[in-house]
Number of protein chains: 2
Amino acid sequence: MRHKKFPKIPEATIKRLSIYNRILNELSRDGIEVVSSARLSEISGLNAAQIRKDLTYFGEFGVRGVGYFVTHLRDNIKKILGINRQWNLIIIGAGKLGQAILSYGNLKSQGYNIVAAFDNDPSKIGTKIGAYNTPVYPLTKLKEIVRKNTVKIAILTTPAVAAHEVLTMLEEANVEGVINFAPVKLNPSKNIKISYVDLVTEFDKMVFKISSE
Amino acid sequence: MRHKKFPKIPEATIKRLSIYNRILNELSRDGIEVVSSARLSEISGLNAAQIRKDLTYFGEFGVRGVGYFVTHLRDNIKKILGINRQWNLIIIGAGKLGQAILSYGNLKSQGYNIVAAFDNDPSKIGTKIGAYNTPVYPLTKLKEIVRKNTVKIAILTTPAVAAHEVLTMLEEANVEGVINFAPVKLNPSKNIKISYVDLVTEFDKMVFKISSE
DNA sequence: GTGTGTGAACCCTTTCACAGCC
DNA sequence: GGCTGTGAAAGGGTTCACACAC
């Protein structure tokens, strides 16, 4: 309900806000207090007008003739994205990719807290894995742990064949969003958000770029 | 040089070709010989007209009133993308994420062969890591191994601070493309292709979607 | 009849150019 | 003077609708 007052925000704008947030964090760490859209353009490689337009979808954060105050803008972007607080996540599939994500410090430092991993491999259940010793549970515990930790987002790193079955369980547990690393289109029955991270297509795109010139 | 005869192909079309390839592989495995754009639309969730338009950028692969012959179309897409052969890759950064990619069977099965990993951690150098026992070398060996294996694509999974330094070395070794998992914009000096895989932005986008309704 | 191939229409996003404000 | 905010223009990509081929 919160942002429906902002109509028609391009998907790409959201992605760029996330990038601005990262850059502003770095500028803030370096003690820089004010930044212009021209400077942000240099750092990000994005068009300066685009940066200004992205920001004005959500308000007027800049000062004419001056620029943007770094921490003020950063804090506002965090609020807009909804990342001005911790998010509890779970991960389904404790294979290699799952373990890599569990150990990925950049998520932790951005407020993403993976509270549990799920797998059906009996040799994994009951152990703690990854850099932050995340406990591994069987999928029968899914509903309970989602409720206890108010988990809204699940990361799916199972093999493709298992993905749909897991999706049904996630829907039953009232998870609201799934970040899907399995190379299959998911067909959610409920109003659940799905996003796709597809590594093979990234490699294929790179091969095309290289091969086509 | 090969595809410059095809003018102005949307970036998104290339990504979809990769998806069509995956779906056609599955259809082929299931013994299905002919498929219509309507059926591909059901499977992929993409608009049928879009699918037809994507394909006609590169030729006329279909038969009116019939559809597309699965293996014929699949083989043509592979040729268009340049994935009708093996590609030797290297990975820089033998941390958790690097190891996960090294062990990711979907890349292997699509003809991506990671021949070596590079890291500066002395305790890793000389060992073999991941599901396919990939050898780990110091970065001083980069040029030699790239040349010996005709490597054109590198995967970058170092921490952000190291990324630029590594990029320079990759340029000197005449690598043509970099798939960058480090959360920094790279500024290549030579004509090297860079693509970005940014996990944190994916999570931020999902949080926005969930928070904004 | 059926399903592709495709110009035209539509829609969305980016970029320009400058008015407006510090 | 300098930099933001923003209508207007340009640019790209998607979808429609139907002619055309089997």
Side-chain angles (χ1 to χ4, degrees), chain A residues 6-20 23-24 27 32-74 76-77 80 185 201 205 208-209 212, chain B residues 3 6-20 23-24 27 32-74 76-77 80 185 201 205 208-209:
Chain A
F6 305 124
K8 286 171 44 69
I9 313 284
E11 265 277 321
T13 291
I14 305 308
K15 174 156 200 159
R16 288 191 296 266
L17 286 183
S18 172
I19 292 168
Y20 304 151
I23 293 172
L24 292 165
L27 291 174
I32 291 163
E33 293 182 355
V34 179
V35 69
S36 66
S37 62
R39 180 79 187 104
L40 286 173
S41 171
E42 282 174 24
I43 298 170
S44 65
L46 300 164
N47 180 292
Q50 173 141 265
I51 295 170
R52 295 199 298 275
K53 180 146 283 188
D54 282 342
L55 296 175
T56 53
Y57 281 120
F58 301 96
E60 302 199 1
F61 301 111
V63 182
R64 293 172 195 223
V66 178
Y68 301 90
F69 289 100
V70 170
T71 55
H72 175 250
L73 179 58
R74 194 261 319 267
N76 272 287
I77 288 175
I80 292 162
K185 166 111 202 321
T201 60
K205 277 161 60 183
F208 177 80
K209 279 195 224 170
S212 64
Chain B
H3 296 126
F6 305 123
K8 284 173 45 71
I9 314 284
E11 265 278 320
T13 291
I14 304 308
K15 174 156 200 158
R16 288 191 296 267
L17 286 183
S18 172
I19 292 168
Y20 305 150
I23 293 172
L24 291 166
L27 291 173
I32 291 162
E33 293 182 354
V34 180
V35 69
S36 66
S37 62
R39 180 79 189 105
L40 286 173
S41 171
E42 282 174 25
I43 298 169
S44 65
L46 300 164
N47 180 291
Q50 173 140 264
I51 294 170
R52 295 199 297 278
K53 179 146 285 188
D54 282 343
L55 297 175
T56 53
Y57 280 120
F58 302 96
E60 302 199 3
F61 301 112
V63 183
R64 293 174 195 219
V66 178
Y68 301 89
F69 289 100
V70 170
T71 53
H72 176 249
L73 180 57
R74 192 262 320 265
N76 272 287
I77 288 175
I80 292 161
K185 166 111 201 320
T201 61
K205 276 161 62 183
F208 177 80
K209 279 194 222 171

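For A/Arg52, counting side-chain heavy atoms from C-beta on, the closest listed nucleotide (D/dT15, D/dT14, C/dC18) is C/dC18. The side chain of B/Lys53 sits closest to C/dA8 out of C/dG3, C/dG5, C/dA8. Which of C/dC16, C/dC21, C/dT14 sits closest to the side chain of A/Arg64 comes down to C/dC21.
The phosphate of C/dG3 has neither OP1 nor OP2 within less than 4.0 Å of any side-chain N or O from B/Ser36. Taking only side-chain nitrogens and oxygens, B/Asn47 comes nearer than 4.0 Å to OP1 or OP2 of D/dC16. In terms of phosphate contacts, B/Arg16 brings a side-chain nitrogen or oxygen within less than 4.0 Å of OP1 or OP2 of D/dT14. Within the structure, every side-chain polar atom (N or O) of A/Tyr57 is placed at least 4.0 Å from both OP1 and OP2 of C/dT14.
Here the shortest heavy-atom pairing between A/Arg52 and A/Tyr68 reads CG-OH, 3.6 Å.
Place A/Val63 and B/Thr56 on DNA chain C by their nearest nucleotides, and B/Thr56 ends up nearer the 5' end. If A/Ala49 and A/Val66 are placed on DNA chain D by their nearest nucleotide, the residue sitting closer to the 5' end is A/Val66.
For the pair A/Tyr68 OH and C/dC22 C1', the computed distance is 14 Å after rounding to whole Å. When rounded to the nearest whole Å, the span between CG of A/Asp54 and P of C/dT14 equals 7 Å. For A/Phe58 and D/dT6, the CZ to C1' distance is 16 Å, given to the nearest whole Å. With rounding to whole Å, A/Phe61 atom CZ is found 17 Å from D/dC3 atom C1'. Rounded to whole Å, the distance from CZ on A/Phe69 to P on C/dC22 is 13 Å. Between the CD atom of A/Gln50 and the P atom of D/dA9 there is a distance of 20 Å, given to the nearest Å. The distance between atom CD of B/Glu11 and atom P of D/dG12, rounded to the nearest whole Å, is 13 Å. Between the CG atom of B/Leu17 and the P atom of D/dG13 there is a distance of 14 Å, given to the nearest Å.
Heavy atoms of A/Ala12 sit under 4.0 angstrom from primed sugar atoms or phosphate atoms, though from no base atom. Nucleic acid contact class of B/Thr13 (heavy atoms, under 4.0 Å, all strands): none.
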> Given the rule in the side chain to side chain contact (heavy atoms under 4.5 Å, CB included) test, do A/Val63 and A/Phe69 qualify, once you have shown the distances and angles that lead to the verdict?
Replying inline: CA-CA 8 Å; A/Val63 182; A/Phe69 289 100; 3.8 Å; yes
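Residues A/Pro10 and A/Tyr57 form a side-chain contact, since some pair of their non-hydrogen atoms from C-beta on lies under 4.5 Å apart. Looking only at side-chain heavy atoms (C-beta outward), B/Ile9 and B/Phe58 come within less than 4.5 Å of each other. Contact check for B/Lys185 versus A/Glu42: no side-chain heavy atoms found under the 4.5 Å cut-off.
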